[in-house]
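One structure is given below, encoded as structure tokens.
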Amino acid sequence: VGCADGDHLAMLFAEGKFLVHGLTLEDGTLSGMREIIHRRGLDGHVSVEHLSGPRLPYADDIVNAMVVEDYPALHRGGVMLSELLRPLAPRGALFLRGADAAELREALGEAGPTVPTLRELDGWVRIDKPVPVEMGQWSQYAHDSSRTFVSRDTLAGPLESVRWIAGETLYTGRYVSPKVVAAGGRVFLLYHDRGYKGCVEA
């Protein structure tokens, strides 16, 4: 967020480990950064657009890592700390350069299980978003070893929006049985097809 260097965005791609989306505060820098991304063959993996308002263009709890290169400038532009934390996923990390750690601690409030933790890192401040106490885990096909098919999660509810699209829909006919489990911040898709068994980590 607040990027101005296409080479930096390309570096964050880390050889295919991340999907990188940059937001620049200067509309005039877009074409240059997009040219660098295109020249490196990273179209679709790395992208950038202009941030024109105080709200980030992301759904809640979806970003794993966010880097803000100039926090004071972003703050002056109307983007609040709460808005930076909103799209950050539980266990996600927010990196702020040029931020006042004391002011951030005051804004975050008293320490506790639901309050993000803050660390200073040589000119940067790192804020880690905790896992909400209301969020459960589904670590086995039938939820847990008691096979109750019941979670203690109180955050889940009816779908209200699209969060992401993850490839093709799997065929769920008679011979294919995909199962999804989630624990420790990871989602696993388990499936078998006429005797073949496999496990794919998403």
With a 6.0 Å cut-off (strictly less than), is the heavy-atom count around CZ of R152, excluding the residue itself, greater than 12? no

Would you call K129-D61 a salt bridge at under 4.0 Å N-O? yes

Taking all heavy atoms of [X] and all of [Y], pick out the closest pair and write down the distance.
{"X": "P90", "Y": "V131", "answer": "CB-CA, 3.9 Å"}
{"X": "P130", "Y": "P116", "answer": "CD-CA, 3.6 Å"}
{"X": "R40", "Y": "A10", "answer": "NH1-CB, 3.4 Å"}
{"X": "F18", "Y": "F13", "answer": "O-CD1, 3.0 Å"}
{"X": "Y71", "Y": "L84", "answer": "CE1-CD1, 3.8 Å"}

Check the pair M66, V1 against side-chain contact (heavy atoms from CB on, under 4.5 Å), reporting the backbone distance first and the verdict last. CA-CA 7 Å; M66 185 181 299; V1 182; 3.8 Å; yes

Distance check, rounded to the nearest 0.5 Å: [X] atom [atom1] versus [Y] atom [atom2]?
{"X": "I127", "Y": "R119", "atom1": "CD1", "atom2": "CZ", "result": "11.0 Å"}
{"X": "Q140", "Y": "S146", "atom1": "CD", "atom2": "OG", "result": "8.5 Å"}
{"X": "S151", "Y": "D144", "atom1": "OG", "atom2": "CG", "result": "9.0 Å"}
{"X": "L94", "Y": "N64", "atom1": "CG", "atom2": "CG", "result": "13.0 Å"}
{"X": "L74", "Y": "E83", "atom1": "CG", "atom2": "CD", "result": "9.5 Å"}

Which side-chain hydrogen bond (donor to acceptor under 3.5 Å, both in side chains) pairs, counting each pair once, include a residue from residues 25-35, with sequence neighbours left out? T24-T29

Which residues share a side-chain contact (heavy atoms from CB on, under 4.5 Å) with [X], sequence neighbours left out:
{"X": "T117", "result": "D128"}
{"X": "A142", "result": "R147, F149"}
{"X": "R76", "result": "P72, A73"}

Residues L118, V125; criterion side-chain contact (heavy atoms from CB on, under 4.5 Å); working and verdict: CA-CA 7 Å; L118 183 150; V125 173; 3.5 Å; yes

Could you tell me whether a side-chain N or O of H143 sits under 3.5 Å from a main-chain N or O of V150, the two making a donor and an acceptor? yes

Is a side-chain donor or acceptor of W124 paired with a backbone partner of R126 at a separation under 3.5 angstrom? no

Under a single-linkage definition using a 4.5 Å side-chain heavy-atom cutoff for Ile, Leu, Val, Met, Phe, Trp and Tyr, are L23 and M33 assigned to the same hydrophobic cluster? no

pair I36-L9: side-chain heavy atoms closer than 4.5 Å: no

Looking at side-chain heavy atoms only, is the closest gap between W138 and D153 below 4.5 Å? no

For a quick test of your reading: what N or O donor-acceptor pairs under 3.5 Å do the side chains of residues 95-107 make, sequence neighbours left out?
residue	atom	partner	partner atom	Å
R97	NE	E69	O	3.0
D100	OD1	A102	N	2.9
D100	OD1	E103	N	3.1

Return a table of donor-acceptor pairs under 3.5 angstrom between the side chains of residues 48-58 and protein atoms on other chains or two or more places apart.
residue	atom	partner	partner atom	Å
E49	OE1	H21	NE2	2.9
H50	NE2	L25	O	3.3
Y58	OH	H21	ND1	2.6

